[in-house]
Participant: 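Just dropping this structure here.
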Amino acid sequence: MEAARREKLRKISELGVDPWGSRFDGHQRIGDIRARENEIKVVPATDGDPAHAEQTGPKVRAAGRIVLRRPSGKVHWLQIRDWSGTVQVMIGKAQVGDERFALAQCFDLGDIVGIDGELRRTRTGEITIFAEKLTFLSKSLATPPEKHKGLADPELRQRMRYLDLIHTDGVLDRFLRRTKIVQSIRNTLGARGFVEVEGPTLHAIAGGAAARPFITHHNALDIDLYLRIALELHLKRLLVGGVERVYELGRVYRNEGFDARHNPEFTMLEVYQAYGNYETMMDLTEAAIVEAIAAMNRGPLSEGHRGDSTAPQPSLILPWGDKQIDFTPPFARKTYDELFTEHTGLAADDVEGIRKLAEQLEFNAAGKHPDVVKSFVFEEKVEDALVGPIFVTDYPASICPLTKRKTTNPAVAERFELFIHGMEVANAYTELNDPDLQEALFTKQLDGLPEEESMAKMDHDFIRALRHGMPPAGGLGIGIDRLVMLLTNSQSIRDVILFPLLRPETDVTGEGGKAKPEEAE
RNA sequence: GAGGCUGUAGCUCAGUCGGUAGAGCAACGGACUUUUAAUCCGUAGGUCAUGGGUUCGAGUCCCAUCAGCCUCACCA
């Protein structure tokens, strides 16, 4: 397979052309070139016969990958693609000269070329660059996937994301949208006076969430360290340090299973605002999401991309599979207990009734705190039923060891979670800033929960920071990958992570195994 | 970690009852200066995921292993 392409590589060199190309300045995005079709003018023929009419059009320069090729004698038709679109190219032997036409005969699907020419229409009306000059930019030695169906095998699509980006409709677009969502969130926060910081990813204590961490080792200090599972505790130290509006948007790592909604490393946003509370964070969450939707559908990268992207939709109603999500603010707001009763028919303080229901659901409730039992039932019976977007507010305090209690009712924590189609997208608190209470909560393990599964991991340095005084504050966490899933109608988290975790290939060089895309040199 | 489904040419996929391995695209040679999934003639391409087993004979049946997907478990 590859031998023929290597033979062409040799021929290209013999023509005095570098098959690996070099700097190529001044080209325009293909999407922009296509937008210049209104500059194409028809010049009527002198004999008045419309068939003899000629055209003049703008001189353009494009660079892209050859995705279709139709050689037809002394004329070759190409389709070249860049990240803004696809355009047809006509290469005529008489127009480019014998030597350059010989170069065109060495083109393969997948090669990257530069084209200078005039933008006109063909007889059938197709916008086409009529080539005047060809520049070879890079050879592709490997055979690309089937040219119309592209890659279908989900394993190959993830392992060879580069091919997926080129050949699967909508993939590049989706990842560009992800970038715009993230940029928009940074803009939303920046416009409100928040500063972005970078905390450590190697932690001596993996705190701030209930999750099993990855363990690594530092040789010089000879100590084990954990990859961070949350951003929370260092950002709160910055609140103590007077950084009044602060956020971090970065990767966290959890050593757990992976499926359509979980990847072991994922992107988390955490925001802290001094002198705010969880209601401040609710407003911020709505604003960030609404602005992200607008940003995602705007701007040069996705607009006109491949000529098939849908027109910008001002609507806040987005598709989700065969359903829809209505992001029109304000989002619904209901308390934990209200929803609990609504979906289970049990009073929120009916400890025995809840315990019975939990055991019907095969939960071992013996010896567990009533709020832990209730939390299990809530996850089983309520969360999946939440279509949303809905803010669930006022959680039982005993399952929220980092959250301030309501002054009117210390059994209730000032916390909300945002649910959309059963997915938890955001989680926010009024932050606990009482060092004595925080220390007590870290010390007292939740009934029936091993430390590994609890958020309450003692962090003495964090307690020391709180003793110096942390302003009352609102804090917010948003799972960026899940938000991107919901905004881009992606049912799997692997569709919004460029390189999700896969088992390593045992043999990439070609012998055995399913994924053997390239022959070893 | 448990169960189910899947793995055949570079890619997308057929392969019936166990009896010599198939197609389209891609590739190679040839024809063609307005094609649009170009067309036409011809050629070549395989460790049937891997390893065992049953059988006169296995892509097909059985077992194990590897990988992917789905469901469950785990999972603020």
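Only this structure's heavy atoms are used, side chains among them; waters, hydrogens and symmetry mates stay out. In what follows, every chain begins at residue 1, and chains take the letters A, B, ... in the order their sequences are listed.
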Participant: So if I take every side-chain heavy atom of A:Glu146 and compare against B:C25, B:U33, B:G68, which nucleotide ends up nearest?
Facilitator: B:C25
Participant: Of all residues at least two apart in sequence or in a different chain, which pass the ring-ring contact (aromatic ring centres under 6.0 Å, His included) check with A:Tyr253?
Facilitator: none
Participant: In chain order, what residues pass the ring-ring contact (aromatic ring centres under 6.0 Å, His included) check against A:Phe378, with sequence neighbours excluded?
Facilitator: A:Tyr336
Participant: Does any pair with a residue in residues 247-256 of chain A pass salt bridge (Lys or Arg N to Asp or Glu O under 4.0 Å), and if so which ones, sequence neighbours excluded?
Facilitator: A:Arg228-A:Glu248, A:Arg251-A:Glu265
Participant: State, without any angle test, whether A:Asp82 and A:Ser84 hold a side-chain donor-acceptor pair at a distance under 3.5 Å.
Facilitator: yes
Participant: Closest to the A:Ala260 side chain: B:C70, B:U35, B:C11?
Facilitator: B:C70
Participant: For A:Arg254, which contact category applies under a 4.0 Å heavy-atom criterion: base, sugar-phosphate, or nothing?
Facilitator: base
Participant: Keeping to residues at least two apart or across chains, list the salt bridge (Lys or Arg N to Asp or Glu O under 4.0 Å) pairs with something in residues 84-113 of chain A.
Facilitator: A:Lys8-A:Asp108, A:Asp108-A:Lys139, A:Asp111-A:Lys139
Participant: Respond yes when some side-chain nitrogen or oxygen of A:Arg494 is under 4.0 Å from OP1 or OP2 of B:C69, and no when none is.
Facilitator: yes
Participant: Can you say whether a donor on the side chain of A:Glu126 sits under 3.5 Å from an acceptor on the base of B:U35, or the other way round?
Facilitator: no
Participant: How many whole angstroms separate atom CE of A:Met160 from atom C1' of B:G10?
Facilitator: 9 Å
Participant: Please state the C1' separation for the pair B:A67 and B:U20 - nearest whole angstrom.
Facilitator: 31 Å
Participant: Can you tell me which nucleotide in B:U35, B:C11, B:A76 comes closest to the side chain of A:Pro145?
Facilitator: B:C11
Participant: Give me the distance, rounded to whole Å, that separates B:U16 from B:C62 when you measure between the P atoms they each carry.
Facilitator: 14 Å
Participant: Check the distance between B:C25's C1' and A:His167's NE2 and give it to me in whole angstrom.
Facilitator: 13 Å
Participant: Whole angstroms only, please: what is the CG-P distance between A:Asp259 and B:C70?
Facilitator: 8 Å
Participant: Whether the side chain of A:Arg482 engages the backbone of A:Ile480 through a donor-acceptor N/O pair (distance < 3.5 Å, no angle test) should be reported.
Facilitator: no
Participant: With a 3.5 Å distance limit and no angle check, can you tell me whether A:His343 reaches the backbone of A:Leu339 through a side-chain donor-acceptor pair?
Facilitator: yes
Participant: Who is the Watson-Crick or G-U wobble partner of B:C72, with both distances under 3.5 Å?
Facilitator: B:G1
Participant: Identify whether any heavy atom of A:Gly477 sits under 4.0 Å from a base atom; if not, whether one sits that close to sugar-phosphate; answer base, sugar-phosphate or nothing.
Facilitator: nothing
Participant: Going by purine N1 to pyrimidine N3 plus the second Watson-Crick contact, or the G-U wobble pair, all under 3.5 Å, which nucleotide sits opposite B:U34?
Facilitator: none
Participant: Please report, rounded to the nearest Å, how far the P atom of B:U34 is from the CD1 atom of A:Ile91.
Facilitator: 15 Å
Participant: Say we look at B:U60 and B:G51: how far apart would their P atoms be, to the nearest angstrom?
Facilitator: 13 Å
Participant: Expressed in whole Å, how much space separates the P atoms belonging to B:A26 and B:C41?
Facilitator: 15 Å
Participant: Tell me the interatomic distance from A:Ile229, atom CD1, to B:A76, atom C1', rounded to whole angstroms.
Facilitator: 10 Å
Participant: Round to a whole Å and report the spacing from CG of A:Asp153 to P of B:G10.
Facilitator: 14 Å
Participant: Around A:Lys133, counting heavy atoms of other residues, nucleotides and ligands shown, do more than 12 lie under 6.0 Å from its NZ?
Facilitator: no
Participant: Send over the distance from A:Glu155 CD to B:C11 P, rounded to a whole Å.
Facilitator: 11 Å
Participant: Does A:Thr430 reach the main-chain N or O of A:Tyr278 with its side chain, forming a donor-acceptor pair under 3.5 Å?
Facilitator: yes
Participant: What is the pairing partner of B:G7, taking Watson-Crick or G-U wobble pairs with both distances under 3.5 Å in any strand?
Facilitator: B:C66
Participant: Please figure out whether A:Gln88 or A:Leu151 has its closest RNA chain B nucleotide nearer the 5' end.
Facilitator: A:Leu151
Participant: Using purine N1 to pyrimidine N3 plus N6-O4 or O6-N4 for Watson-Crick, or N1-O2 and O6-N3 for G-U wobble, each under 3.5 Å, what pairs with B:G46?
Facilitator: none
Participant: Can you find a donor-acceptor N/O pair under 3.5 angstrom joining the side chain of A:Arg70 to the base of B:U35?
Facilitator: yes
Participant: Any side-chain N or O of A:Lys149 less than 4.0 Å from the OP1 or OP2 oxygen of B:C11?
Facilitator: no
Participant: Quick check: on RNA chain B, is the nucleotide nearest A:Phe130 upstream (toward 5') of the one nearest A:Met268, or the reverse? Name the residue that is more 5'.
Facilitator: A:Phe130
Participant: Name all pairs fulfilling the side-chain hydrogen bond (donor to acceptor under 3.5 Å, both in side chains) condition that reach into residues 67-78 of chain A, sequence neighbours left out, sorted by first residue then second.
Facilitator: A:Arg70-A:Gln88
Participant: Look through every strand shown and name the nucleotide pairing with B:U60 as Watson-Crick or G-U wobble, where both distances are under 3.5 Å.
Facilitator: none
Participant: What's the closest nucleotide to the side chain of A:Ala230 if the choices are B:A26, B:G68, B:A76?
Facilitator: B:A76
Participant: Indicate whether OP1 or OP2 belonging to B:C69 is found under 4.0 Å from a side-chain N or O atom of A:Gln158.
Facilitator: yes
Participant: If I take atom CZ in residue A:Arg100 and atom C1' in nucleotide B:U33, what distance separates them, rounded to the nearest angstrom?
Facilitator: 20 Å
Participant: Between B:C56 and B:A9, how many Å separate the two C1' atoms, rounded to a whole number?
Facilitator: 30 Å
Participant: Taking OP1 and OP2 of B:A38, is either one under 4.0 Å from a side-chain nitrogen or oxygen of A:Lys147?
Facilitator: yes
Participant: Taking any strand in view, what nucleotide pairs with B:A14 in a Watson-Crick or G-U wobble way, both distances under 3.5 Å?
Facilitator: none
Participant: Polar pairs (N or O, both sides) under 3.5 Å between protein and nucleotides 28-32 of chain B?
Facilitator:
{"from": "B:C28", "atom 1": "OP1", "to": "A:Lys8", "atom 2": "NZ", "distance (Å)": "2.6"}
{"from": "B:C32", "atom 1": "N3", "to": "A:Gly73", "atom 2": "N", "distance (Å)": "3.1"}
{"from": "B:C32", "atom 1": "N4", "to": "A:Gly73", "atom 2": "N", "distance (Å)": "3.3"}

Participant: Please confirm whether any donor atom in the side chain of A:His262 sits under 3.5 Å from an acceptor in the base of B:C75, or the reverse.
Facilitator: yes
Participant: Using the P atom as the reference point in each nucleotide, state the distance between B:G52 and B:A58 in Å, no decimals.
Facilitator: 14 Å
Participant: Quick one: which of B:A26, B:U35, B:G68 gets closest to the side chain of A:Thr143?
Facilitator: B:A26
Participant: Does any N or O in the side chain of A:Asn263 come within less than 3.5 Å of the main-chain N or O of A:Pro500, such that one atom is a donor and the other an acceptor?
Facilitator: no
Participant: Between B:C25 and B:G1, how many Å separate the two P atoms, rounded to a whole number?
Facilitator: 44 Å
Participant: Taking B:G18 as the reference, what is the distance to B:U54 when you measure between their C1' atoms (whole Å, please)?
Facilitator: 12 Å
Participant: With heavy atoms under 4.0 Å as the rule, sort A:Glu270 into base, sugar-phosphate or nothing.
Facilitator: base
